Amino acid sequence: MPVPRLIARSATEGLLPVTIGALSLSDATPARLTAIAPYAGSDKGVAKALKATGLAWVAPGASANKGALTLLWAGRNMGFLASDEELPKGLEEALAPHAALTDLSDAWVALGLSGPGVEEALARLVAIDLSIAAFPQGATARTGHGHMMALFHRNSPDSITIFVFRSMVRTAVHELSEAMERVLARAEA
């Protein structure tokens, strides 16, 4: 019996990029995404391990960036470490005694929504205020996106990255595309 040949594909293949009016939706999935969940009473150990990379443990709703590494607050006592490169040598070993580490690289997809009108498009799908005043650069939030959960990260004044489960990416792209079309229709009216 022949052995099946597996071909690695992006979860967004054939779906992205999408540009509607001034808004653009693209694949922003990092090469590596690791969940860090400190064990009870191990916050100082996690902070010390991260300090070697130039990062600090993030407060709720915040993020930290150092070179190719971005640490995002991802929920109560949890952070997501995103990188397009391998993690610094020894980081996982330094964190392991202090936190549960889970490789989420194949489980989550990041969608980059950018352009003027980002907040208006997302206001149609998200129940929190993502305006630049309420959600400044570096801010993160984990909340509903339509009928799914997502993690939002403000990259710049006109760019927000939306992390969703890989299994929900088609729905997320569809819903975001519809919201982008409504923003364009309103601008043209």
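What's counted below: heavy atoms across the whole structure, side chains too, no hydrogens, waters or symmetry copies. Fair warning: this is a prediction, and the values are worked out from it, not measured in the lab.
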Legend entry - Joint cluster assignment, Leu72 & Val126, ILVMFWY side-chain distance < 4.5 Å: yes
Legend entry - Hydrophobic cluster membership, Ile162 vs Ile128, 4.5 Å side-chain cutoff: yes
Legend entry - Salt-bridge criterion met for Glu120 and Arg124 (N-O under 4.0 Å): yes
Inset, instruction - Look up atom CG in Leu16 and atom CG in Asp27, then write down how far apart they are to the nearest 0.5 Å. - result: 6.0 Å
Inset, instruction - Decide whether Phe163 and Leu71 are clustered together by the hydrophobic rule: side chain heavy atoms of Ile, Leu, Val, Met, Phe, Trp, Tyr closer than 4.5 Å, transitively. - result: no
Inset, instruction - Could you grab the distance from atom CG of Leu25 to atom OG of Ser177, nearest 0.5 Å is fine? - result: 6.0 Å
Inset, instruction - Give a yes or no answer on whether the side chain of Thr102 reaches the backbone of Ala35 with a donor-acceptor pair at less than 3.5 Å. - result: no
Legend entry - Minimum heavy-atom distance between Leu111 and Ala172, given as atom pair plus value: CD1-CB, 3.8 Å
Legend entry - Side-chain heavy-atom pair Leu130, Val118 within 4.5 angstrom cut-off: no
Inset, instruction - Determine the interplanar angle of the Phe165 and Trp108 rings, folded into 0 to 90°, and report it as parallel if under 30°, tilted if 30 to 60°, perpendicular if over 60°. - result: tilted
Legend entry - Validation row: Lys66, Thr53 side chains within 4.5 angstrom (heavy atoms): no
Inset, instruction - Report yes or no: does Arg32 contribute a side-chain atom to a donor-acceptor pair with the main-chain N or O of Ser83 at less than 3.5 Å? - result: no
Legend entry - Glu93 atom CD, over 12 foreign heavy atoms within 6.0 Å: yes
Inset, instruction - Could you tell me whether the side chain of Tyr39 reaches within less than 4.5 Å of the side chain of Val46, counting heavy atoms only? - result: no
Inset, instruction - Mind listing the closest non-hydrogen atom pair of Arg154 and Ser131 along with its distance? - result: NH2-C, 3.5 Å
Legend entry - Euclidean distance, Leu50 CG relative to Ile36 CD1, rounded to 0.5 Å: 5.0 Å
Legend entry - Distance-minimising heavy-atom pair for Ala64 and Val58: N-CG1, 3.6 Å
Inset, instruction - Answer whether the closest heavy-atom distance between the side chains of Glu175 and Met148 falls below 4.5 Å. - result: yes
Legend entry - Heavy-atom closest pair, residues Pro30 and Asp84: CA-OD1, 3.2 Å
Legend entry - Polar side-chain atom of Arg186 near backbone of Ala189 as donor-acceptor pair, under 3.5 Å: no
Inset, instruction - List the atom of Ser105, the atom of Leu33, and the distance in Å for their closest heavy-atom pair. - result: OG-N, 3.1 Å
Legend entry - Contact check, side chains of His153 and Phe80, non-hydrogen atoms, under 4.5 Å: no
Inset, instruction - Give a yes or no answer on whether the side chain of Thr19 reaches the backbone of Ser24 with a donor-acceptor pair at less than 3.5 Å. - result: no
Legend entry - Residue pair Leu69 / Pro88, side-chain heavy-atom distance below 4.5 Å: yes
Legend entry - Spacing of Arg166 atom CZ and Asp106 atom CG [to the nearest 0.5 Å]: 6.0 Å
Legend entry - Exam field: side chain Thr29 to backbone Ala110, donor-acceptor pair closer than 3.5 Å: yes
Legend entry - Pair Asp158-Ser114, side-chain donor/acceptor within less than 3.5 Å: no
Inset, instruction - Output the distance between atom NE2 (His147) and atom CG (Leu125), rounded to the nearest 0.5 Å. - result: 10.5 Å
Legend entry - Co-membership, hydrophobic cluster, residues Met78 and Leu81, 4.5 Å side-chain: no
Legend entry - Glu119 side chain reached by Phe135 side chain, heavy atoms, under 4.5 Å: no
Legend entry - Heavy-atom neighbours of Asn65 CG exceed 12 at 6.0 Å: yes
Inset, instruction - Go through the steps to decide whether Leu104 and Thr34 satisfy the test side chain to side chain contact (heavy atoms under 4.5 Å, CB included), and finish with yes or no. - result: CA-CA 5 Å; Leu104 302 175; Thr34 305; over 6 Å; no
Inset, instruction - Would you give the length of the straight line joining atom OG1 of Thr171 to atom CG of Leu176, rounded to the nearest 0.5 angstrom? - result: 10.5 Å
Legend entry - Flag, side chain of Trp73 to backbone of Gly75, donor-acceptor distance under 3.5 Å: yes
Legend entry - Flag side-chain contact, heavy atom, 4.5 Å: His98 against Pro38: no
Legend entry - Nearest non-hydrogen partners of Val164 and Ala150, listed with the distance: CG1-CB, 3.9 Å
